[in-house]
**Student:** 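Quick one: the structure is below, and I'll ask about it shortly.
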Amino acid sequence: MPELPEAETLVRGLRPALVGRSIVQARVHKPDILRVRPRRFRDRVRGRRIEAVGRRAKNVVLLLDDGVIVINLGMTGWLAPLGLGPHDPPRPTHPAVTFRLDTGRLVFDDVRRFGCVEALDPGEWAERDATFGPEPLTDAFTPDDLFERLHRSRSPVRSWLLDQRKVAGVGNIYACEACFRAGIHPARRGVTVTRDEATALHAGIRGVLGAAVEAGGTTIRDYRNADGASGEFVHRLDVYGREEQPCHRCDDAVERIVFGNRSAFFCPSCQPMIDDAAWAARAS
DNA sequence: AGTGTATCCTGCAGGC
DNA sequence: TGCCTGCAGGATACAC
């Protein structure tokens, strides 16, 4: 569920509550949320101090005085700071890991348990960090770079955008929205995207992610920020979840198709399909 | 190598 | 009411 804007919103809410706190002990309620045995995990985090709270791709990153906790929220994961501010968020319903702090506690709550909590040493974290593509809201992400790499791929653009090694933090909602903003059919092969279209896609990705961060993310069903509040960007989506509703640009009906086992939403008029044959004809 | 599919898990909505 | 199917914001292990 959470993509870059949702993880970023959560991080911004957690930061003031968590920086400077120490982890007294961790309790693992659902061991399948870890990648190591619970005992090993507990040993790695016990007694550590939280120096900083950040985000990389869709992950919440707790920088410790010795090591790093990386939390992948999966589809339904969120972090509840309890006893750390004036108001508590709603009570977690499916706690997977609880960090008992010197003051209060932090609960990783995850209904579907697709999330993952890891305790890495600095070297392991550097390795992991290097597997992610550029952060789309930083200068490391440029239109030229996007074009050069996308143009070499035969993947559908939507699928390419979901690959965290290509661009960090983009998920299904914002991939669909960015394609709409750029006028690119989500199933078009990367190789068919022109330099101008890649520039528009770059602007679309940045625009939609930036606006969604400002709006506190998108709540379709489960997403909650650190206060337990919903994300308001759901009201500003152009195509995602809007099957059969009028396109905000041309009034035609938004369509839904499935590929890569996931729904893609698009406007058939604003985002015409260009397949290999059409691409060949256009190139000649 | 690079793409596409199936799968992990739970909850909910809709059809009958 | 209850049972069934399909669907969900992610990531990855496989098949080709």
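Within every chain, numbering begins at 1; the chains are lettered A, B, ... in the order of the sequence lines, protein sequences first and strands thereafter.
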**Student:** Where does the angle between the aromatic ring planes of A:Trp279 and A:His151 fall among parallel (under 30°), tilted (30 to 60°) and perpendicular (over 60°)?
**Tutor:** perpendicular
**Student:** Between C1' on C:dG10 and CD on A:Glu6, what's the gap in Å once rounded to a whole number?
**Tutor:** 12 Å
**Student:** Using the rule that two of Ile, Leu, Val, Met, Phe, Trp, Tyr join whenever any of their side-chain heavy atoms come within less than 4.5 Å, decide whether A:Val68 and A:Leu14 are in one cluster.
**Tutor:** no
**Student:** Has A:Arg113 got a side-chain N or O lying under 4.0 Å from the OP1 or OP2 atom of B:dT10?
**Tutor:** yes
**Student:** Taking for each residue the nucleotide of DNA chain B bearing the nearest heavy atom, is the 5' side occupied by A:Asn261 or by A:Arg165?
**Tutor:** A:Arg165
**Student:** Give none if C:dT12 has no partner; otherwise give the nucleotide forming a Watson-Crick or G-U wobble pair with it, both distances under 3.5 Å.
**Tutor:** B:dA6
**Student:** Can you check whether A:Ser263 has a side-chain N or O nearer than 4.0 Å to OP1 or OP2 of C:dA8?
**Tutor:** yes
**Student:** Can you check the A:Arg154 CZ to B:dG4 P distance for me, whole Å?
**Tutor:** 9 Å
**Student:** Please determine whether a side-chain nitrogen of the Lys or Arg among A:Arg242 and A:Asp238 lies less than 4.0 Å from a carboxylate oxygen of the Asp or Glu.
**Tutor:** no
**Student:** Please state whether the phosphate of C:dG9, meaning OP1 or OP2, lies under 4.0 angstrom from any side-chain nitrogen or oxygen of A:Arg262.
**Tutor:** yes
**Student:** Describe the nucleic acid contact of A:Arg35 in one word from base, sugar-phosphate, nothing, applying a heavy-atom distance below 4.0 Å.
**Tutor:** sugar-phosphate
**Student:** C:dA11, C:dG9, B:dG11: which one has an atom nearest the side-chain heavy atoms of A:His94?
**Tutor:** B:dG11
**Student:** Ignoring backbone atoms, test whether A:Ser155 places a side-chain nitrogen or oxygen under 4.0 Å from the OP1 or OP2 oxygen of B:dT3.
**Tutor:** yes
**Student:** When you measure from the centre of the six-membered ring of A:Phe259, is the NZ or CZ of A:Arg158 closer than 6.0 Å and no more than 45° off the axis?
**Tutor:** yes
**Student:** Taking only the side-chain nitrogens and oxygens of A:Arg189, find out if one of them lies under 4.0 Å from OP1 or OP2 of B:dG4.
**Tutor:** yes
**Student:** Measure CZ/A:Arg112 against P/B:dT7 and give the value in whole Å, please.
**Tutor:** 15 Å
**Student:** Expressed in angstrom and rounded to an integer, what is the separation of A:Asp110 atom CG from B:dC9 atom P?
**Tutor:** 13 Å
**Student:** Tell me whether A:Thr192 contacts the main-chain N or O of A:Arg188 through its side chain, where contact means a donor paired with an acceptor under 3.5 Å.
**Tutor:** no
**Student:** Out of C:dG9, B:dT3, B:dC9, which nucleotide sits closest to the side chain of A:Phe114?
**Tutor:** B:dC9
**Student:** Any side-chain N or O of A:Tyr174 below 4.0 angstrom from OP1/OP2 of C:dG9?
**Tutor:** no
**Student:** B:dG4, C:dG9, C:dA11: which one has an atom nearest the side-chain heavy atoms of A:Asn72?
**Tutor:** C:dA11
**Student:** Check whether any side-chain N or O of A:Asn72 sits under 3.5 Å from a backbone N or O of A:Gly74 as a donor-acceptor pair, and report yes or no.
**Tutor:** yes
**Student:** Between C:dA11 atom C1' and A:Leu161 atom CG, what is the distance in whole Å?
**Tutor:** 16 Å
**Student:** Whom does B:dC16 pair with, Watson-Crick or G-U wobble, provided both distances fall under 3.5 Å?
**Tutor:** C:dG2
**Student:** Establish, with yes or no, whether the OP1 or OP2 oxygen of C:dA11 is under 4.0 angstrom from a side-chain nitrogen or oxygen of A:Lys58.
**Tutor:** yes
**Student:** Please give, in whole Å, the distance from B:dC8 P to A:Leu34 CG?
**Tutor:** 20 Å
**Student:** In whole Å, I'd like the distance from the CG atom of A:Leu150 to the P atom of B:dG2.
**Tutor:** 14 Å
**Student:** Rounded to whole Å, how long is the line connecting atom CZ of A:Arg152 with atom P of B:dA1?
**Tutor:** 15 Å
